[in-house]
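Protein chains get the first letters and strands the later ones, always in sequence-line order, with residue 1 at the start of each.
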Amino acid sequence: MASDQYYDLSGSQFDSSWFKTAAGKEYFSSIVRKGKRRIYGLLERPSLPPHLIPELISYKVFLSGKAGVGKTSTVAKLVGLPVPTTHSETPGIVTYVVYWPVKLLHSDKVLLFRLQFWDAGENAIRKFEHILPACKSGADAILNLFSFTDRLSFEDLQSQMSRSSQSGEHVIRMVVGTKYDLYSNSEITTRELQNFQEQWKVPILKIKNSGKPAGNELLYSVDSMQEVHDVATVMHSLLEYIWIQKKISSGELRPEDLITRTDIDGKNEGELSDELEASYV
Amino acid sequence: MRMDDTQAVYLVCLTNEGGLPLFTRSKGQSKALAFAEQGMLYGVQMFAQNHDVGLQSTTTEEAKVVWKVFHNSVTLVLIVPDDGCSDVHLNTLLDHIFHTMVMFIGLDTLENIKNVERLRRDLKVCFGVIDFLLVNSEFFGGLCEAVDVLACPENATLQEPLEAFINSADSTFGCLHCNGRLVTATDKWWSLTGQEMTLLAAFINTLPTGTSSDVPIYLPHASPKVPHRLLSISLLPGVIVSVLCLDTPTLADAQATLVEPSWRAYVESLRACQKASLAGQHIPKSLSVDSGILGFLLVNTNQHKCLSSCRLPIQEGSAADRRPLTHSRRRQVLNAFYRNTVGTLFPVCHSPQRTDPSGDTSSTFSHTVKETYMHAKDHKCYAIYSNPYQLFVVCSVAVPNYALRSISVDLLNTLSKDKVFHDRRKSS
Ligand SMILES: Nc1nc2c(ncn2[C@@H]2O[C@H](COP(=O)(O)OP(=O)(O)O)[C@@H](O)[C@H]2O)c(=O)[nH]1
Ligand SMILES: [Mg+2]
């Protein structure tokens with residue numbers, strides 16, 4: 001695959017509103033209990049009625065970024081665990097699993113993703129040399145995190161991108177900007193983000209992990225899917241991007257065939273920033 | 001006893017030389033201490049040191065302040081509401097906190113502080129466990145330096161898969177925890193000190209539900225300078241198997257190839273265990289406990305393990321049912337009763353043994369106290385010391401005084417004779 005090309009294909013393969021339909025809810029009801037995502041031990045799987053058993057696809061995703069940017073909070077948010085309110089640095093590697101069913105847009109096929117996140121404390125990575133290789137080994141994708149309220153974390157990311165492009169490593173990569181709820185204090189401009197995206201051809205997701213959205217408990221009891229709604233946009237972008245990139249590198253899909261919605265060259269900046277706005281939790 | 005949960009507790013950690021703040025933690029609705037206040041605490045201690053007085057504790061109108069210097073390098077200061085209890089328990093808490101720091105970053109780094117800025121960053125990994133220790137929870141391990149255990153019929157069944165799993169990971173140190181309580185462990189694990197087992201259990205309990213982890217750990221006493229890897233894998237939510245190892249296996253290998261063969265056949269036992277720990281009684285339903293008993297704490301001071309419950313069911317229509325004590329009140333009462341009894345009437349049992357002036361007051365009496373009791377408006381307490389056991393019981397006020405002793409003795413017999421609290425080490 002030509003890794004220097006970036007095609008924005010989000011929304012072209014996965015049905016992004018399927019989880020709201022009756023058919024989708026049948027699947028989601030197996031991973032949600034009392035309005036919250038179910039948490040599974042290693043010996044457990046979501047149990048679906050036999051006629052619904054979909055194909056299982058597992059990905060390993062490593063989160064990278066400066067201490068305190070919100071790696072642990074982001075994972076917690078995505079898998080449905082309580083988001084930590086104070087910062088306690090992760091003392092080594094912690095892995096999290098989340099299941100997420102998806103229906104393809106152009107067929108009736110349903111896929112069940114098993115996403116395993118690898119989160120490691122930045123200090124632990126520096127102090128103990130086995131940690132980084134363990135996180136990267138066999139990873140299907142890397143999420144590079146920066147925080148909107150920490151300029152240094154964005155600059156770190158820039159240098160990390162150029163280092164990894166020099167080393168010529170081929171890996172599926174996405175960027176996540178955290179603390180988007182504090183956007184008014186942002187130390188990074190929209191222009192900088194656009195430049196970044198043009199330079200590195202990576203999708204940028206924006207996320208709000210803040211612990212206590214007002215009236216949430218109430219919402220959960222009224223709409224048992226609220227927690228799923230909260231993260232659906234990010235989960236879909238994440239899974240679809242990895243899935244498409246894998247299909248492209250295995251030759252099963254050609255990017256030219258996939259562009260149905262937007263013409264990549266004709267895309268102007270206004271559209272780009274709309275796209276960005278849409279992709280936050 | 002006025003120990004109130006919502007009252008402020010502060011912890012300040014400073015470098016001994018220069019008094020630079022390393023971190024502060026607080027509990028309750030307390031504001032963080034101002035920098036000036038931290039400096040003042042340090043100043044008082046320096047003054048004492050310069051005059052060759054070792055400052056250990058001081059009491060103000062409302063609060064008690066305890067100082068402790070570790071390895072001439074780190075000073076910990078704890079400020080708590082004064083409830084008149086012996087200092088020994090506060091010193092034990094400080095000792096746990098220092099050894100938590102050792103557990104995550106190693107003794108070398110703490111003994112020779114080279115770069116304060118980096119040390120501050122490194123110490124952030126300890127906050128989860130330290131915060132856990134500062135809260136008076138339903139865990140008593142920190143208080144009695146003995147690991148909290150869960151007694152359920154599955155204890156014995158689960159020994160075999162545990163041994164098989166630990167073997168397959170090329171280790172001899174391993175254990176299974178269920179919602180923070182030890183279910184079963186290898187002989188080698190039991191050979192760790194009470195403090196080590198307690199701090200490890202606390203750490204494992206702070207891991208997010210359902211996760212697996214690979215964390216460098218310096219065993220505070222067995223290996224304070226050389227780290228091992230602690231792999232912890234959630235088999236079911238809250239049910240975590242842990243193994244201490246060196247370079248192998250990797251976390252990915254352990255997850256992918258070691259878990260299924262050892263544990264798949266035992267899922268039902270694991271589930272039963274999970275259920276038992278959530279019920280909060282921590283002892284098998286089949287054991288008969290007098291309906292007047294609301295909560296208990298049993299410590300085995302030899303093996304450094306403790307069994308407790310603050311959620312024994314109240315029989316409907318029984319005398320205890322008329323003015324039931326809430327679970328959190330039972331926990332408070334049990335906690336305070338323990339702290340008032342141990343260090344004054346009953347001997348303290350440090351694990352590992354400590355020689356520092358830890359505030360242990362020698363018994364007020366020349367003879368050994370074997371039993372004691374206490375009455376209050378809403379509860380009664382009874383304690384028995386029968387080496388190696390220390391039992392603390394909270395009873396309903398409905399229990400007549402003359403019956404307190406006999407129901408406590410019965411409980412001690414039931415728990416110590418039954419295999420639920422037996423010595424699970426093969427070697428003894
Ligand atoms: N307001 C806000 N705070 C966040 C967000 N993400 C993380 N935080 C906070 O940032 C701090 C560090 O987060 P953490 O996930 O532990 O960082 P890590 O070191 O990268 O794992 C914590 O106090 C979080 O509560 C976010 O999206 N919004
Ligand atoms: Mg973290």
Any idea which donor-acceptor pairs are under 3.5 Å between chain A and chain B?
residue	atom	partner	partner atom	Å
A:Leu42	N	B:Ser234	O	2.8
A:Leu42	N	B:Leu235	O	3.2
A:Leu43	N	B:Leu235	O	3.1
A:Leu43	O	B:Arg264	NH1	3.2
A:Leu43	O	B:Arg264	NH2	3.3
A:Glu44	OE2	B:Arg271	NH1	3.1
A:Glu44	OE2	B:Arg271	NH2	3.2
A:Ser88	OG	B:Lys124	O	3.4
A:Ser88	OG	B:Gly128	N	3.2
A:Glu89	N	B:Lys124	O	3.1
A:Ile93	N	B:Asp214	O	2.9
A:Ile93	O	B:Asp214	N	2.9
A:Thr95	N	B:Ser212	O	2.7
A:Thr95	O	B:Ser212	N	3.1
A:Thr95	OG1	B:Gln255	NE2	3.0
A:Gln116	NE2	B:Gln255	OE1	3.1
A:Asn123	ND2	B:Arg121	O	3.4

- Message: Between A:Leu43 and B:Leu270, is there a side-chain heavy-atom distance shorter than 4.5 Å?
- Response: yes
- For A:Ile39, is it the side chain, the backbone, both or neither that has a heavy atom under 4.5 Å from a heavy atom of chain B? both
- Segment of B:Ile105 engaging chain A (4.5 angstrom heavy-atom cut-off): both
- Query: Quick one: side-chain hydrogen bond (donor to acceptor under 3.5 Å, both in side chains) partners of A:Glu155, sequence neighbours excluded?
  - Reply: A:Arg151
- Item | Residue part contacting chain B, namely of A:Val94, when any heavy atom lies under 4.5 Å | both
- In short, A:Gly41 meets B:Pro237 closest at the heavy-atom pair N-CD, 3.7 Å
- Item | Segment of B:Ile233 engaging chain A (4.5 angstrom heavy-atom cut-off) | side chain
- Item | Closest approach of B:Pro216 to A:Pro91 (non-hydrogen atoms, all atoms of both residues) | CD-O, 3.3 Å
- Note on the structure: Note: vs chain A, highest number of non-hydrogen pairs under 4.5 angstrom among B:Val259, B:Ile217, B:Leu235 is B:Leu235
- With respect to chain B, which residue among A:Ala124, A:Pro82, A:Gly92, A:Pro84 yields the maximal number of heavy-atom pairs within a distance under 4.5 Å? A:Gly92
